[in-house]
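Values below: all heavy atoms of this structure, side chains included; hydrogens, waters and symmetry mates excluded. One-based numbering, in listed order, for ligands and for the atoms of each.
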Amino acid sequence: MTNTASQSLFDTVAFIGMGLIGSSMARRIKRDGLANKITCAVRSEKTRDRVLELGIADEAYCDIKEAVGDADLVMICAPVGANEAIGAQLAGALKKGAIVSDVGSVKQSVIRDIAPHLDEGVHFVPGHPLAGTEHSGPDSGFPELFEERWCILTPIAGEPESATQKVKALWEACGMYVECMDADHHDRILGITSHLPHLIAYTIVGTATDLEDALRQEVIKFSASGFRDFTRIAASDPTMWRDVFLNNREAVLEVLGRFQEDLMALQRAIRWGEGDKLFDLFTRTREIRRGIVDAGQYFTNFSAEGENRQSDEKGKKKPTE
Ligand SMILES: NC(=O)c1ccc[n+]([C@@H]2O[C@H](COP(=O)([O-])OP(=O)(O)OC[C@H]3O[C@@H](n4cnc5c(N)ncnc54)[C@H](O)[C@@H]3O)[C@@H](O)[C@H]2O)c1
Ligand SMILES: O=C(O)C(=O)C[C@]1(C(=O)O)C=C[C@@H](O)C=C1
């Protein structure tokens, strides 16, 4: 989806956290004129100066209350473990009618940590753009990050539909397809599609680096695309991922249990030379990948450095639901 609109959807958007996701969104908003003003709260003077130098915010503060006072939309773009402290800063700081949203990779914990702090008349629309890279910080963002990817919103019962629609319109203007679901459903799905793969990548690369020195050097030297792909994922931000696992504990532990059972079954098949079992599984998984590709879903390829984004399919169309 290529956004051609250059219509302002909000007057002032305030970001809390200007890393990969916050700065990508800010760049997109600036590029396409989706808001009249961008403010942000960052933690250090160094980052504040950098954000202003990059021109991705009109005003930058080290104090959350200062950044959000005039905002029509507040986008929380910090690691989910910071939400409780951020929520406390939002209490009494927002104008009536303001919308608070977020981009956190876990949704039940975000609702738990933010919602109790918000004043009456402030609306909360939790969200999660399913797009990212292994890079972090304000320099790593780019405005095309969200193009043709899914964004999940997990609206809260009792909040006005109009608030959800406004946040939806912003993500669509950023190039995303938007779907709404319950927060616990989101956390279970992402536990499988995103959190487990990251845990596996961290484990594999950890296992390889625990090898004795000589072997480790050779693993690094001769790593071909399979291992290299895992190292990209395993280079993802440690704070962000620590917080994801601690805040989606139940869903991750459940899927991890199933994964361990399946891994044991494979281990057994290898030990007993049960080639048919291995062949059948690998055939099934290949079909799944092909089915997704045929349905027009997207896989985003990154270079070894994770910088070049391109779809490995031609003739893009909207993913089927
Ligand atoms: N990286 C991804 O692939 C990805 C994709 C989708 C969603 N997310 C989610 O987006 C959020 C941000 O991730 P990111 O990749 O942009 O991370 P990042 O590390 O690039 O940026 C996070 C920013 O938050 C700031 N921050 C940290 N603690 C803070 C606090 N207590 N108060 C204010 N600011 C604070 C950091 O200084 C940094 O600027 C996370 O919740 C993550 O789960 C990440
Ligand atoms: O491509 C990557 O680097 C990502 O890991 C992006 C990814 C994912 O798992 O797909 C990571 C975490 C997010 O919450 C959403 C997207």
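Comparing Glu134, Arg149, His198, His195 by heavy-atom distance to atom 4 (C) of ligand 2, the nearest is His198. Among Ala131, Pro197, Ser194, the residue whose heavy atom lies closest to atom 9 (O) of ligand 2 is Ser194.
Within the 4.0 Å heavy-atom cutoff, His128 counts among the residues contacting ligand 2. Heavy atoms of Trp241 come nearer than 4.0 angstrom to ligand 2 in at least one pair.
Sorted by first and then second residue, the pairs that involve residues 60-87 and meet side chain to side chain donor-acceptor pair (under 3.5 Å), not counting sequence neighbours, are Glu59-Tyr61, Asp72-Lys95, Glu84-His117. Applying the salt bridge (Lys or Arg N to Asp or Glu O under 4.0 Å) definition to pairs two or more places apart or across chains, those involving residues 41-52 are Arg50-Glu53, Arg50-Asp139.
For Gln108 and Asp184, the side-chain atoms include no donor-acceptor pair closer than 3.5 Å. Judged by distance alone, the side chains of Arg188 and Asn248 never bring a donor and an acceptor atom under 3.5 Å apart. Inspection of the Thr285 and Arg289 side chains reveals no N or O donor paired with an N or O acceptor under 3.5 Å.
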Just distance, no hydrogens or angles: give the donor-acceptor pairs under 3.5 Å from side chains in residues 254-282, sequence neighbours left out.
from, atom 1, to, atom 2, distance (Å)
Glu274, OE1, Lys277, NZ, 3.3

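Protein residues are said to neighbour a ligand when one of their heavy atoms lies under 4.0 Å from it; for ligand 1 these are Ile16, Gly17, Met18, Gly19, Leu20, Ile21, Arg43, Cys77, Ala78, Pro79, Val80, Ala82, Ile86, Val103, Gly104, Ser105, His128, Pro129, Ala131, Gly132, Thr133, Ser136, Gly137, Met240.
In this structure, the side chains of Met25 and Phe146 come closer than 4.5 Å at one or more pairs of heavy atoms.
Ring geometry for His186 versus His128: interplanar angle over 60°, hence perpendicular rather than tilted (30 to 60°).
Of the N or O atoms in Thr193, none lie within a sub-3.5 Å distance of an N or O in ligand 2.
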